Amino acid sequence: MKIADLLMQGRTFSFEFFPPKTDAEQATLVKALRELEPLEPSFVSVTYRGGRSSRQRTHDLVVGMLRTTTLTPMAHLTCVVHSRLELAEILVEFRKAGVENLLALGGDPPPEEEAGMGELKHADELVELARAIGGFSIGVAAHPELHPNSHGDRVADRDHVAAKLELADFAITQFFFRLSDYTGLVDDLAARGMHKPVLPGIMPITNLKAVRRMAELSGCEVPPEVVARLEAAGDDPEAVRREGIALATELCQQLLAAGAPGLHFYTLNRSTATREIYANLGM
Ligand code: FAD
């Protein structure tokens, strides 16, 4: 099933996973998938990380999901470490295996030894390549608090997102913690005549230190009011986790009330937080 078609039918609820590198990570992922599959997500997505070695891992996980689960998978693919020809080969392999959904990305900086190997500069070129190959429903990334490389130039950042979304079918956002970050992005795109679905990315905070580190890398802020609520939970990790789930639930409720076309959960290959938020939302 293509995600563009799912979005036309109504809201989507989706989960993101990363491909395991070790047997222990594989076991964690299998457990999470087993526990999350009964929630019947509209689709799941599989990241593409860690340079060229990711090529096979992402492919194998996505194709494995197609063959052995009821899930609709979406493969992530990034520009950074491949030539145009290699990217075309990867896309053709996906299509041959029956993969119909793609998230086309610029990509995080690759390992040092692979830096400078990429031929395409930006995600929009990858969307064009995938369109030329055909058969994909294509998503792109959007950053509510602006991509760090935009250096605060909101107009240029939003112009680039609107232009690549014009070529794609939908966008998924980087995680964020305030409703206004999401509505600001959607309003900026609407002001440019862009009304395609923008799925908000949800990262439940279960450990403040870890999320602060991830936020720093992705150029977003953990707002002071969120930090204050987590700090009020004290030193008890379970109390902090509970408050993090409550905060994520509130954000999801606000997003749905504001008309978001779905919710995309960053699971980090764990199921508990996502299942708790689902239950809190009455789903
Ligand atoms: P781009 O669209 O290429 O944008 C990058 C920067 O270039 C922005 O500042 C933009 O304003 C600017 N820009 C864009 N187009 C142009 C243009 N034509 N001319 C000049 N400037 C331009 N990373 C991974 O490595 N693997 C993953 O699996 C992965 N999954 C992700 C999933 C989601 C939902 C999100 C939000 C991010 C994900 N990322 C992943 C991170 C992403 O690859 C990084 O944020 C990356 O730095 C930018 O990706 P992008 O697709 O937004 O790039």
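Every number for a ligand or one of its atoms is a count from 1 in the order of the listing. Just so it is clear, the model here is predicted, and its values are computed rather than measured.
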Quick one: does any side-chain atom of [X] pair with a main-chain N or O of [Y] as donor and acceptor, under 3.5 Å?
X	Y	value
D188	R158	no
S137	A4	yes
N269	F18	yes
T173	F175	no
S150	D153	no

**Proximity to ligand 1 by part of H76, non-hydrogen separation under 4.0 Å** =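 Near ligand 1, H76 shows its side chain, while the N, CA, C and O stay back.
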**Message:** I need the contact type for L103 against ligand 1. Using non-hydrogen atoms and a strict under-4.0 Å cut-off, is it side chain, backbone, both or neither?
**Reply:**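 It is the side chain that touches ligand 1; the backbone stays farther off.
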Atoms of ligand 1 close to [X] [distance to a heavy atom under 4.0 angstrom, numbered from 1]:
X	answer
N149	9 (O)
T47	28 (O)
S150	9 (O), 11 (O)
T78	24 (C), 25 (O), 26 (N)
H143	45 (O), 52 (O)
K164	1 (P), 2 (O), 50 (P), 51 (O), 52 (O)
G107	25 (O), 43 (O), 46 (C), 47 (O), 49 (O)
D124	18 (N)

**Asked** Of Y48, F175, Y266, which has the heavy atom at the shortest distance from atom 28 (O) of ligand 1?
**Response**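 Closest candidate by heavy-atom distance is Y48.
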**Request:** Could you check which of H264, R158, H160 puts a non-hydrogen atom nearest to atom 12 (C) of ligand 1?
**Result:**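 Among H264, R158, H160, the closest heavy atom to atom 12 (C) of ligand 1 comes from H160.
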**Item:** F136 six-ring face occupied by R131 cation (under 6.0 Å, within 45°)
**Value:**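 Not satisfied by the 6.0 Å and 45° rule.
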N or O contact, [X] vs ligand 1, cut-off under 3.5 Å:
X	value
H122	yes
A123	yes
H147	yes
Q174	no
A141	no

**Asked** Would you say the side-chain atoms of T47 and E16 include a donor-acceptor pair closer than 3.5 Å?
**Response**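 Side-chain D/A pair, T47 to E16: absent.
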**Message:** Whether the H76 and S45 side chains hold a donor-acceptor pair (N or O, under 3.5 Å, no angle test) is what I'd like checked.
**Reply:**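 Side-chain D/A pair, H76 to S45: present.
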**Prompt:** Just wondering, are more than 12 heavy atoms of other shown residues or ligands nearer than 6.0 Å to CZ in R270?
**Reply:**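 Not buried by this count: 12 neighbours or fewer within 6.0 Å.
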**CZ (R213) with more than 12 external heavy atoms under 6.0 Å** =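 Count not over threshold, so no.
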**Prompt:** Looking at F13 versus F15, is the centre-to-centre ring distance below 6.0 Å?
**Reply:**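 So the answer is no for these two rings.
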